[in-house]
Protein chains: 2
Amino acid sequence: MDISELKSICGGCSIRELCLPAGLNDQEVLLLDQHMAHRNPVRKGESLYRTGDSFKSLYAIRSGFFKTNILHEDGRSQVTGFQMSGEILGLDAISTDIHICDAVALEDSMVCEIAFERFEELGQLMSNLQHRFNKTLSREIVREQGIMLLLGSMRADERLAAFLANLAKRSAIRHQSGSELVLRMTREDIGSYLGLKLETVSRILSRFHDQNLLEVKGRNIRIIDADGLNALISK
Amino acid sequence: MDISELKSICGGCSIRELCLPAGLNDQEVLLLDQHMAHRNPVRKGESLYRTGDSFKSLYAIRSGFFKTNILHEDGRSQVTGFQMSGEILGLDAISTDIHICDAVALEDSMVCEIAFERFEELGQLMSNLQHRFNKTLSREIVREQGIMLLLGSMRADERLAAFLANLAKRSAIRHQSGSELVLRMTREDIGSYLGLKLETVSRILSRFHDQNLLEVKGRNIRIIDADGLNALISK
DNA sequence: TGCAACCATTGATCTAGAACAATTCAATTG
DNA sequence: CAATTGAATTGTTCTAGATCAATGGTTGCA
């Protein structure tokens, strides 16, 4: 099986499109794919895994959109992230071998299952794969520090501006428009992620609309004044 | 050089006392120590590294106490963690090879420098070391998710109770009393970490004192009613 | 040993965002 | 194509924690 064959099997999208294999040669990518590729569809609303499930695999998102949701014992819950294609789910479970959050598909999605034991073996064979993976884990640490900063010291409108700017940036990286956003999550999900109530999210979106920063039509958002939005964040 | 010799060099504390080498045999621990051990003192108030410094090494804390501090461009800053002996500093810099926070000693401390390039090589030689390290990185992700939950959905008194309980637990793990705490950081540091103002921290400590949960004398805190404190957290 | 500089406490007031509540809008579905 | 259901908007009121301000304690340094 060669690379082009692999691509056709995958419906034209090779495992290369994940951030993980950057820096690997073709043979190494093949090896990676052979040992780990195991693709599953996840329907909108379904959970890829749930809190308490035993951890066996990481998942690379090939297409679609997810949220991860931590459940506190007392019923409180909080969205810890939104993940889109190319990103990895399950990194937090490595620490205890048990999933500590739910991963819920917010639209019909396709994921690639990566058996973690096999992956660690491959990491031993390919030092550059292991190196990339260390960076991936560290990047997740940094991402979460950004959220901590946001939750700990930004006002509601700054949080929302930062959230939209981040979403736009990530969309732009993946072919999609960086100014036309389709929010896959509810206002409540956004609020949970940003430490705000859904009414506050709604109000601030309306305000941004009035200030001609955005055009808001339900879950369709067009960013009109990206500079104005960015000015909000670091003021 | 054998293990006992190593221990004497280290002043009686072997590299084994870090969480990282768990599961390694004596030879492997020796190898680890030979290649990486490079111990430095850091005086109270000094920075081990600063934002923008290029990343070359991780640091294992042998003794002492640190805070990590993120600086936002607009002058805002936030404490992202407090680290004590046995814990690792610098994990967030792996992602970009540049430190994105300051690590400041809050008391005279001793750290063990671990050249990260060498460490990655050793990880290739010892799969169990690499496995432990993956877990260490993942554990940091989980820790930060805990803070996100705290910042996003807990009230001020719950945050402080959670903070004190966590500090007590970590102290207890390391020989120290789990009920007699000496806070190494200022009220402002605590507030920054918990997303609160220093006045609020002070007020709530006083309230805990009045409610006979704590005895507060400046930075000396004795936990009187641990159950009462824990009840606060998950209510 | 006393002065500076910082740190902590406590009080009074103010405000951003929560809570509560009432419509409106959109998407399914029988 | 109603009718049901869940999501979003908008208004009003309330409160936890911020802000502003004054005072008291510690610690280290000259």
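So you know, we letter chains A, B, ... as the sequences are listed, proteins then strands, and number each from 1.
For B:F119 and B:F133, the ring centers sit closer than 6.0 Å to each other.
When the nucleotides D:dA18, C:dC7, D:dA8 are ranked by their closest atom to the side chain of B:T200, D:dA18 comes out on top. Among the nucleotides C:dT9, D:dG17, D:dT9, the one closest to any side-chain atom of B:L198 is C:dT9. When distances are taken from the side chain of B:R155 to each of C:dA18, D:dG17, C:dC7, the shortest belongs to D:dG17. Considering only the side chain of B:L196, D:dA18 comes nearest among C:dC20, D:dA18, C:dA8. The nucleotide whose nearest atom lies closest to any side-chain atom of B:V216 is, among C:dG17, C:dT9, D:dT19, C:dT9. When distances run from any side-chain atom of B:T186 to the nucleotides C:dA8, D:dA8, D:dA21, the shortest one goes to C:dA8.
Scanning atom types as modelled, one donor and one acceptor separated by under 3.5 angstrom connect the side chain of B:R203 and the base of C:dG11.
Counting to the nearest Å, the C1' atom of C:dC7 and the CG atom of B:D189 are 11 Å from each other. Taking atom CD of residue B:E188 and atom P of nucleotide D:dA18, one finds them 13 Å apart after rounding to whole Å. The distance from atom CG of B:D210 to atom C1' of C:dT9 is 12 Å, rounded to the nearest whole Å. At whole-Å resolution of the value, CG in A:N220 and P in C:dA26 are 11 Å apart. The nearest whole Å value for the distance from the NZ atom in A:K217 to the C1' atom in D:dT9 is 17 Å. For the pair B:R187 CZ and C:dT9 C1', the interatomic distance rounds to 9 Å; values are reported in whole Å. The distance from atom CD1 of A:I221 to atom P of D:dA8 is 10 Å, rounded to the nearest whole Å. Distance CE (B:M185) to P (C:dA8): 11 Å, rounded to an integer number of Å.
Residue A:F82 is tested with A:N166, A:T68, A:D189, A:L183 for a side chain to side chain contact (heavy atoms under 4.5 Å, CB included); the sole match is A:D189.
Using a 4.0 Å heavy-atom criterion, one finds that A:G195 contacts the sugar-phosphate atoms exclusively. No engagement by B:L205 is indicated, since no non-hydrogen atom pair under 4.0 Å with the nucleic acid exists. Counting non-hydrogen atoms under 4.0 angstrom, B:S206 reaches the backbone sugars and phosphates but no base.
At least one side-chain nitrogen or oxygen of A:S202 sits closer than 4.0 Å to the OP1 or OP2 atom of D:dT9. Considering only side-chain N and O atoms, A:R219 lies nowhere under 4.0 angstrom from the phosphate OP1 or OP2 of D:dA7.
Taking both residues in full, the closest heavy atoms of A:V142 and B:D92 are given as CG2-O, 3.3 Å, listed atom of the first, atom of the second, then distance.
Residues A:R143 and A:E87 are not paired through a salt bridge, judged by the lack of any N-O separation under 4.0 Å between the basic side chain and the carboxylate.
A tilted orientation is assigned to the rings of B:F55 and B:F116, their planes being inclined by 30° to 60°.
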